[in-house]
Amino acid sequence: MTVPMPYPALIAILSALVILLFGVSLLTGPAAIGFTDSLVALVSGSSTDAVTLVMREIRLPRAILGVMVGASLGLTGAALQGYLRNPLAEPGLLGISASASLGAVLAIYTGLVIVLPLSLPVLALSAAIVAVLVVRLLAGGRSDAASLILAGVAVTSFAGAMTALALNLSPNPFAALEIVYWMLGSLADRSMSHVWLAGPFMLVGWGMIAILGRSLDALTLGEATAKSLGIRLDRVQALVVFGTAISVGAATSVSGAIGFVGLVVPHLMRPLVGSRPSRLLLTSALSGAALLLTADIAVRLIAPDSDLKLGVLTALVGAPFFLWLIIKTRRTLL
Amino acid sequence: MRLRQLSAWYAALGVLLALSFPLPGIASAESDNRDPTAPRRVISMNLCTDQLAMMIAAPGQLYSVSNLASDPSMSMMAKQARAYKPNHGLAEEVFLMRPDLILVGAMTTRTTVAMLERLGFPVVEFPFENSFSDMRANIKRMGDALHRPERARELLARFDADLAQLRKRPGPRRTAALFHANSYTSGVGTLANEVLKAAGLDNIAVQFGLSGTAKLPLEKLVMAAPDLVVTDTTWEGAPALAQQVFAHPALRALEATSAKAMSATNRWICATPHLIDLIRDLSAARAAVTTIHDRSATRQ
């Protein structure tokens, strides 16, 4: 379609965009703090000062998680679309996010997290791994769009129902309302402890996917050709499955399920990188981060008092895009 | 049609019961010179009317209270409530209890209340209280409904006397923030705000111009750094994200510099004379703030 942009220039532009949005995210919040005040407090404030507290303990973790969760979703969307050679593959649509939510819900509402904080990301990513395996099984090993998406729908609704059940069974009257958070996601009032808890897992997941670039490129030529090029398909599958489940599971455990980022971003980037899956990985991670930061800034600006969920904004952009994609896919398939 | 048959059946059963056990009615009529028109089988369907009714009703007059009344996380009178038959706010079960008076809150399920009224039960509704004067009106209303106005007056007189005493407590006013689960606070026009005022505390939610129950972002709370942060402590055995904000490092850091008061959620829910104890505790917490500030002042 369009002429591919030089790859290093594209990376530089996207990185600059992420850094800019990271800064804007740090400066956005209900407490009106001046531009220089906030930056000074962030870098060299005393730890008991109120402005420093707001910047370091409330806004910084929120911005960091915005980058990391967005990057996880963008990266895994690109990896799944490349590996399954399916334009509709995405953690949200395949039920990975919903299952990770279920795992996190079980860890939090049973009180396990209080005893063992690490159980939060671990249970979420374990549930995500199960989801990927079940979707693969249900789709019968075939990667045609319809069966994969149907399997994803089945897993998503099952995980959603189990999440609702677990929350309804909680004696805490607030729990039942928190289904909204687990289905639509939010970064409000996260803390550095969430970053330390989920961050390392996300990094591990990224690492597993990052080394897949060459294999994904080879897979575009078909499985037989890839095999003849020395690509071990079982290894690729294991890395995609576990890399996706670990990074999305950890991300979801601290942000709730956020849909459509992983779907939209690789499609936006594909024309710019000339359809090479290896180049799509980093660009999708960066633009996923940029998209999520934008959404998180928007929820604070549009409705500062009502704790609007991130998934609402990503769905506003993502759902029409998804419909367009289905129509386009159907046309090429028929 | 069926309903009429059912009520006829109940009337017959009532006659039968009256014939076979005539003693209790006569005994209670003799034991006190109660107003013969007073309701004798009262059912309360709302946590707050439950508690007011338990305080005001004559012995034997109140038959059933809602099941919430015996939940210690919400009710101040959980122990007393166990002496009554619990109801779950369902029209069917209340109908079968054959009450001669039903007490409901403004929040009690509308459809249930409408159905009970349609069935011809006398229903008295108590509006939601946003101030001490609303509370006074409801206590009076309860006294009138139960034909026990002197008991209601007695409760009010004691409450007013205690409140006047507490208002005289010395020490400067302090700022305070109420911080509930999900970062909610109570601003202008809430009972909680009146409670803070009576305890000698200035609510920062009011300074922020918040009214009713509203979100107080953690950022704004940290920036305002009130002298006293009042949080609630309920449902600790059953965690939810709503309470995670209480463990947020920024709130913890604020609590290192401000004083902190915990108070169980059940103390804030209903407007009853029990509020006096809450006001007393908050007033004591305010006095403690004074000493913390004095100490830091002398250290500098």
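Letters A, B, ... mirror the listed sequences (proteins, then strands); counts begin at 1. Since this is a predicted model, take the numbers as computed values, not measurements.
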Handout entry: Non-hydrogen side-chain atoms of B:L241 and A:F174 separated by less than 4.5 Å
Key = no
Exercise for the section: Using a heavy-atom cutoff of under 4.5 Å, enumerate the residues of residues 218-226 of chain B that contact chain A, numbered in order, or state 'none'. Expected result: B:L218, B:E219, B:K220, B:V222, B:M223
Problem - Side-chain heavy-atom pair B:P239, A:N172 within 4.5 angstrom cut-off - result: no
Practice task
Using non-hydrogen atoms and a 4.5 Å limit, figure out which bit of A:S170 sits close to chain B: side chain, backbone, both or neither.
Solution key: side chain
Problem - For B:T175, side chain to side chain donor-acceptor pair (under 3.5 Å) partners two or more places apart - result: B:D227
Fill in the blank from the handout: Contact list (residues 50-62 of chain A to chain B, heavy-atom gap under 4.5 Å, by number) returns A:A50, A:V51, A:L53, A:V54, A:E57, A:I58, A:R59
Exercise for the section: Determine whether more than 12 heavy atoms belonging to other residues, nucleotides or ligands lie under 6.0 Å from atom CZ of A:F158. Expected result: no
Fill in the blank from the handout: Okay, A:I33 and chain B: the region with an atom under 4.5 Å from a heavy atom over there is side chain
Practice task
Mind running side-chain contact (heavy atoms from CB on, under 4.5 Å) on B:Q244 and A:R190 for me, showing each step along the way?
Solution key: CA-CA 9 Å; B:Q244 264 190 5; A:R190 307 281 86 191; 3.5 Å; yes
Practice task
Keeping the roles fixed (side chain from A:E178, backbone from B:A240), state whether a donor-acceptor pair exists under 3.5 Å.
Solution key: no
Practice task
Applying side-chain contact (heavy atoms from CB on, under 4.5 Å), name anything that partners B:S131, two or more places apart in sequence or on another chain.
Solution key: B:S133, B:D134, B:E194
Handout entry: Region of A:D307 in contact with chain B, defined by heavy-atom distances below 4.5 Å
Key = side chain
Handout entry: Between A:I108, A:L167, A:D49, A:V105, the one whose heavy-atom pairs under 4.5 Å with chain B are most numerous
Key = A:I108
Problem - Greater than 12 external heavy atoms within 6.0 Å of B:M115's CE - result: no
